[in-house]
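First the structure, in the form of structure tokens, and then the observations on it.
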Amino acid sequence: MSLHTQLSKHPRVAMGHLPTPLEPMPNLGAQLGLDLWIKRDDCTGIAMGGNKVRQLEYYLGKAQVAKATQVLITGAVQSNFTRTTAAMAAKLGLGCHIQMEERVKNPSALHHSNGNALLDHLLGATLHSYPDGEDEAGADANLRTIAEGLTAKGETPFIIPLSADQPPTGALGYAQAALELITQGKEYDEIFIASGSALTHCGLLFGLRALDDETPITGICVRRDRTQQTARVRQRLEDLSTLLDMPNPVTEKDIRLDGSALAPGYGRMNEETKNAIRRAAECDGVLLDPVYTGKVMSGLISAAQKLQGKRVLFWHTGGQPALFAYADEL
Ligand SMILES: *Cc1c(COP(=O)(O)O)cnc(C)c1O
């Protein structure tokens, strides 16, 4: 029972520009004493790209099987997931409803008018708002109410379910990415990647281990502290094992999380994150984002001291549209 075979049982709409490039970051690498590489999942190609394209290939595969006419999703106001959903839905001729959760306290005016919020609007999605950003169950219940309203109008709604009690469908895209990385043929001493819903982190980790690749993967916490995120990753790996109908190949020591770049919290930058964003841009012309990849690079920079001379892969997961919503902090 191979990973490839198990993945092929899940419907997928192949829309991303894949494989994404794998490139060196020679200048920042030299400063840090690393052989530093970058996996360009910011270049997945749909409406400014990012990791959600790989995840949505599988969610929208299910939506097509369900003959959906409308897709619904909930997320932060500056969510890259909602923006990518709106774009992929448009291309597939589906309507899109986005519920925006207020997840960041005291945001600047740009938060609601620029970045991903602007793009959601341009992509023609119907926008709804939800006042609480930390109430997954409540946000999901409200989304179901919107879906019922659509059904009553003769539409076929498909909810993209993101709460942790739902199957980790998006992780299939990152198990697929593990196959892609191995095909690209380089080996690394360590991979750094964002760990938010944990579907990206879990998909890649599960995929690599299922392919007998033992590269250490450090997930950088961007949403919850290390203790909470470790439990989340452990649970989502079990869920992915069920979804793929394959034994979980990940051992407890494979679950590596670093919570040191999270402060002051989700969607908020500290000085180290701002510096990481500036250094990647100035050294190698690479644009990071304020919510996810800036923190991943900050975590990687902190770890560089103990990785001298090693080959390290920074997994860029996209998110740059949010830079414009944080202009007044940068
Ligand atoms: C959503 C997102 C992440 C986190 O991915 P998860 O699968 O939710 O852990 C990382 N980077 C960017 C840019 C994102 O939009």
Side-chain angles (χ1 to χ4, degrees), residues 20 38-44 46-59 73-88 101 103 115-117 119-120 136 160-164 166-178 191-207 217-224 228-230 232-233 235-237 239-240 255 257-259 261-262 266-267 269 273 276-277 280 286-300 314-326:
T20 55
I38 178 169
K39 177 68 170 157
R40 298 294 306 263
D41 274 10
D42 55 323
C43 301
T44 51
I46 318 268
M48 305 186 86
N51 64 336
K52 300 314 181 316
V53 170
R54 292 187 192 271
Q55 300 193 14
L56 282 162
E57 287 192 338
Y58 285 93
Y59 287 110
I73 186 164
T74 186
V77 172
Q78 281 299 325
S79 166
N80 299 299
F81 215 155
T82 62
R83 177 251 310 163
T84 316
T85 302
M88 290 172 76
E101 302 169 26
R103 209 176 279 172
N116 285 303
L119 302 184
D120 290 345
E136 276 191 331
I160 298 177
L162 303 179
S163 63
Q166 297 294 317
T169 304
L172 300 174
Y174 272 85
Q176 182 75 42
I191 297 172
F192 287 82
I193 196 161
S195 198
S197 75
L199 297 188
T200 301
H201 180 191
C202 289
L204 185 66
L205 180 56
F206 191 109
I217 300 180
T218 296
I220 302 293
C221 298
V222 293
R223 177 84 195 272
R224 296 170 198 81
Q228 286 178 297
Q229 191 67 8
T230 301
R232 177 123 179 168
V233 167
Q235 182 58 48
R236 295 316 258 160
L237 287 164
D239 298 338
L240 182 55
I255 301 177
L257 283 151
D258 176 356
L262 176 62
Y266 176 79
M269 289 181 287
T273 301
I277 292 172
V286 168
L287 295 175
L288 305 180
D289 85 284
V291 182
Y292 301 98
T293 54
K295 291 188 180 178
V296 177
M297 187 58 88
S298 161
L300 185 156
F314 170 81
W315 201 297
H316 199 322
T317 47
Q320 294 102 328
L323 281 172
F324 303 101
Y326 286 76

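Sequential numbering from 1 along the given sequence is applied to the chain's residues. We count ligands from 1, going down the list as the structure has it; atoms in each ligand are counted the same way. Computed from heavy atoms alone, side chains included, the values below leave out hydrogens, waters and symmetry copies. As the structure is a computational prediction, the values presented were derived from the model and not from experiment.
Close approach of ligand 1 to Asn80 is summarised as follows: ligand atoms under 4.0 Å from at least one heavy atom of the residue are 13 (C), 14 (C), 15 (O). Within ligand 1, counting atoms from 1 as listed, the ones closer than 4.0 Å to a heavy atom of Gly319 are 13 (C). Under a 4.0 Å criterion applied to the non-hydrogen atoms of Ala198, ligand 1 contributes the atoms 6 (P), 9 (O). Close contacts between ligand 1 and Ala194 involve ligand atoms 10 (C) [criterion: under 4.0 Å to a heavy atom].
Summary of contacts: the protein heavy atom closest to atom 7 (O) of ligand 1 is Thr200 OG1, 2.6 Å. Nearest protein heavy-atom contact of atom 8 (O) of ligand 1 is Ser197 OG, 2.7 Å. For atom 9 (O) of ligand 1, the nearest non-hydrogen atom of the protein is Gly196 N, 2.8 Å. The single protein non-hydrogen atom nearest to atom 14 (C) of ligand 1 is Lys52 NZ, 2.9 Å, given as residue, atom name and distance. When hydrogens are left out, the protein atom nearest atom 10 (C) of ligand 1 is Thr317 OG1, 3.2 Å; that is the closest non-hydrogen contact.
In this structure, the side chain of Lys295 engages the main chain of Leu262 through a donor-acceptor pair within 3.5 Å. Counting only distance, with no hydrogens or angles, the side chain of Arg83 and the backbone of Gly49 share a donor-acceptor pair below 3.5 Å. A distance-only check finds a donor-acceptor pair linking the side chain of Tyr59 to the backbone of Gly170 [under 3.5 Å]. Between the side chain of Arg236 and the backbone N or O of Ala164 there is at least one donor-acceptor pair closer than 3.5 Å. Using modelled atom types, one side-chain atom of Ser79 and one backbone atom of Thr82 make a donor-acceptor pair closer than 3.5 Å.
Contacts of Gln55 with ligand 1, taken as heavy-atom pairs under 4.0 Å, involve the side chain alone. Under 4.0 Å from ligand 1, not a single heavy atom of Ser79 appears. The part of Asn51 lying near ligand 1 is the side chain, judged by heavy-atom distances below 4.0 Å.
Screening Asn116, Asn80, Asp42 against Gln320 for a side-chain hydrogen bond (donor to acceptor under 3.5 Å, both in side chains) leaves a single residue, Asp42.
In the model, Thr200 has a side-chain atom that pairs as donor or acceptor with a side-chain atom of Gln55 under 3.5 Å. In this structure, a donor-acceptor pair under 3.5 Å is absent between the side chains of Thr317 and Asp41. With hydrogens and angles left out, the side-chain atoms of Tyr58 and Tyr174 include no donor and acceptor closer than 3.5 Å.
Ligand 1 lies less than 4.0 angstrom from a heavy atom belonging to Gly318.
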